[in-house]
Structures are given as structure tokens and as C-alpha cells.
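First the structure, in the form of C-alpha cells, and then the observations on it.
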Amino acid sequence: MGTYARFYDVVRRVPPGRVATYGQVASEAGSFGHARQVGYALAACPDDADIPWHRIVNARGEVSRRSGGRAFERIQRVLLEAEGVAFDDRGRIDLRRFRWDPDDPDQAPSRTRKDSRAARK
DNA sequence: CATTTGACATCTT
DNA sequence: TAAGATGCCAAAT
């Protein structure tokens, strides 16, 4: 299996309405500190695969810039907003509210972590 | 084989 | 808060 396969597996586990950072994906995949490779992996991401690439943002909670152009960046934002992820006036996401927590399998889309916990009870 | 190039993160000013 | 330096490593050249 390719080196990137593990990254793709982690990305696929991110639920709708939540986001994960590149570093977070790397750590979950067992490659702490290899955040950059995650970005590289997504750049080489096969379009036919069912990978929610738009749910991966950088550590500052913003959509990363890419050499290809701004089109994909806009698409990424639109896709996230459609799932309920909010952007502030600076184009950033509040990771405190939308960051995916791998240890909490009961995270519902479009809810804050607190709401999710409350709803579970 | 040596260099360059990234969808990044973290530490230092 | 922001900007620069550094570490990371797979592919491309």
C-alpha cells in the first residue's frame, strides 16, 4: 500500500460538518510531524476516490492556498459552508467548535462539541 | 545521485 | 497577531 493510503483512510473518517488539520491527519495516521506530506497526498488525490478533501484545513483554521489557482479554494469553502461550517470575516474557521475529535465517535454534523455531548445523554 | 518544490506545523522574534 | 526560519519527506527534474 502506498504511503498516502493511510492519510486517505483518516480523511475518510472525518464526518460532515467538521474539519481536521493536516497535522491532525498525519498524527492519526501514525506519522506525527508529517503534515506537509498530507497536503502533498491530497494534491495527488485521485478524483474518483470518495475522499472528503475539503474537510482538511491548516492549523489556523483557514483554507490553504495552492499553486493551481483560487477556484478549488472557493469550492472548498462552499462545500464546508453547505455542511454547516462557519467562516468568520477573515475567512477562518473556529477550530474550537468545528475541529473533528477522533475519540468522540458521536459527533453530529453542524453541532458544537458541547451540543453533541449534551445531545448524547 | 543532487536539487527543487510543495493543499503544513511549530518556534522565534 | 504577523512574518521569517526550520524541520519534514515524497516526487519531479
Side-chain angles (χ1 to χ4, degrees):
Chain A
M1 124 170 125
T3 311
Y4 299 149
R6 298 202 319 286
F7 294 153
Y8 294 147
D9 287 339
V10 174
V11 175
R12 268 190 278 260
R13 288 188 355 237
V14 181
R18 302 217 80 98
V19 299
T21 66
Y22 295 90
Q24 187 181 355
V25 171
S27 295
E28 276 296 308
S31 299
F32 179 79
H34 296 187
R36 223 171 165 177
Q37 274 60 296
V38 174
Y40 196 82
L42 290 180
C45 166
D47 344 325
D48 50 333
D50 54 339
I51 302 171
W53 56 272
H54 60 281
R55 296 186 191 133
I56 309 304
V57 298
N58 64 32
R60 290 153 56 184
E62 54 192 14
V63 170
S64 292
R65 297 213 163 159
R66 37 196 309 178
S67 53
R70 325 258 156 34
F72 287 98
E73 299 171 24
R74 289 203 311 275
I75 293 173
Q76 180 169 5
R77 174 163 176 161
V78 171
L79 287 174
L80 287 175
E81 289 179 324
E83 295 180 348
V85 176
F87 285 76
D88 64 16
D89 53 343
R90 288 188 211 155
R92 285 153 62 161
I93 298 168
D94 185 351
L95 292 180
R96 291 174 303 176
R97 291 200 307 160
F98 298 103
R99 184 199 280 277
W100 170 52
D101 180 358
D103 297 324
D104 187 349
D106 191 65
Q107 287 186 345
S110 305
R111 285 172 191 266
T112 63
R113 171 183 322 216
K114 193 167 82 170
D115 288 341
S116 183
R117 290 233 171 100
R120 171 151 35 137
K121 293 234 162 83

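In this text the structure is predicted, and so the values were computed from the model without any measurement.
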- Residue pair A/Arg92/A/Ala35 against DNA chain C: nearer the 5' end by closest nucleotide is A/Arg92

- Message: Of the listed nucleotides (C/dC8, C/dA10, C/dA2), which one gets closest to any side-chain atom of A/Tyr40?
- Response: C/dA10

- Here the salt bridge (Lys or Arg N to Asp or Glu O under 4.0 Å) pairs for residues 34-43 of chain A, sequence neighbours left out, are none

- Query: Separation of A/Phe7 atom CZ from C/dC8 atom C1', in whole Å?
  - Reply: 11 Å

- Task: Let me know the distance between NE2 of A/His34 and P of C/dA10, rounded to the nearest Å.
- Result: 8 Å

- Give the intermediate values and the outcome of side-chain contact (heavy atoms from CB on, under 4.5 Å) for residues A/Val11 and A/Trp53. CA-CA 7 Å; A/Val11 175; A/Trp53 56 272; 5.5 Å; no

- Query: Between A/Arg6 and A/Asp9, is there a salt bridge with N-O shorter than 4.0 Å?
  - Reply: no

- Message: Just the rounded figure in Å: distance from P of C/dC9 to CG of A/Leu42.
- Response: 18 Å

- A/Arg96/A/Asp94 salt bridge by N-O under 4.0 Å criterion: yes

- Task: Could you tell me whether A/Arg60 atom CZ has more than 12 heavy atoms of other residues or ligands within 6.0 Å of it?
- Result: no

- Task: Tell me what A/Arg77 touches on the nucleic acid: a base, only sugar-phosphate, or nothing, going by heavy atoms under 4.0 Å.
- Result: nothing

- Rounded distance in Å - CD (A/Gln37) to P (C/dA12): 14 Å

- Within 6.0 angstrom of A/Arg65 CZ, more than 12 heavy atoms from elsewhere: no

- Note on the structure: Its 5'-most and 3'-most nucleotides having an atom under 4.0 Å from a non-hydrogen atom of chain A, DNA chain B is contacted over B/dG6 to B/dA9

- For A/Ala59, report the nucleic acid contact type (base, sugar-phosphate, nothing); a contact means any heavy atom under 4.0 Å. sugar-phosphate

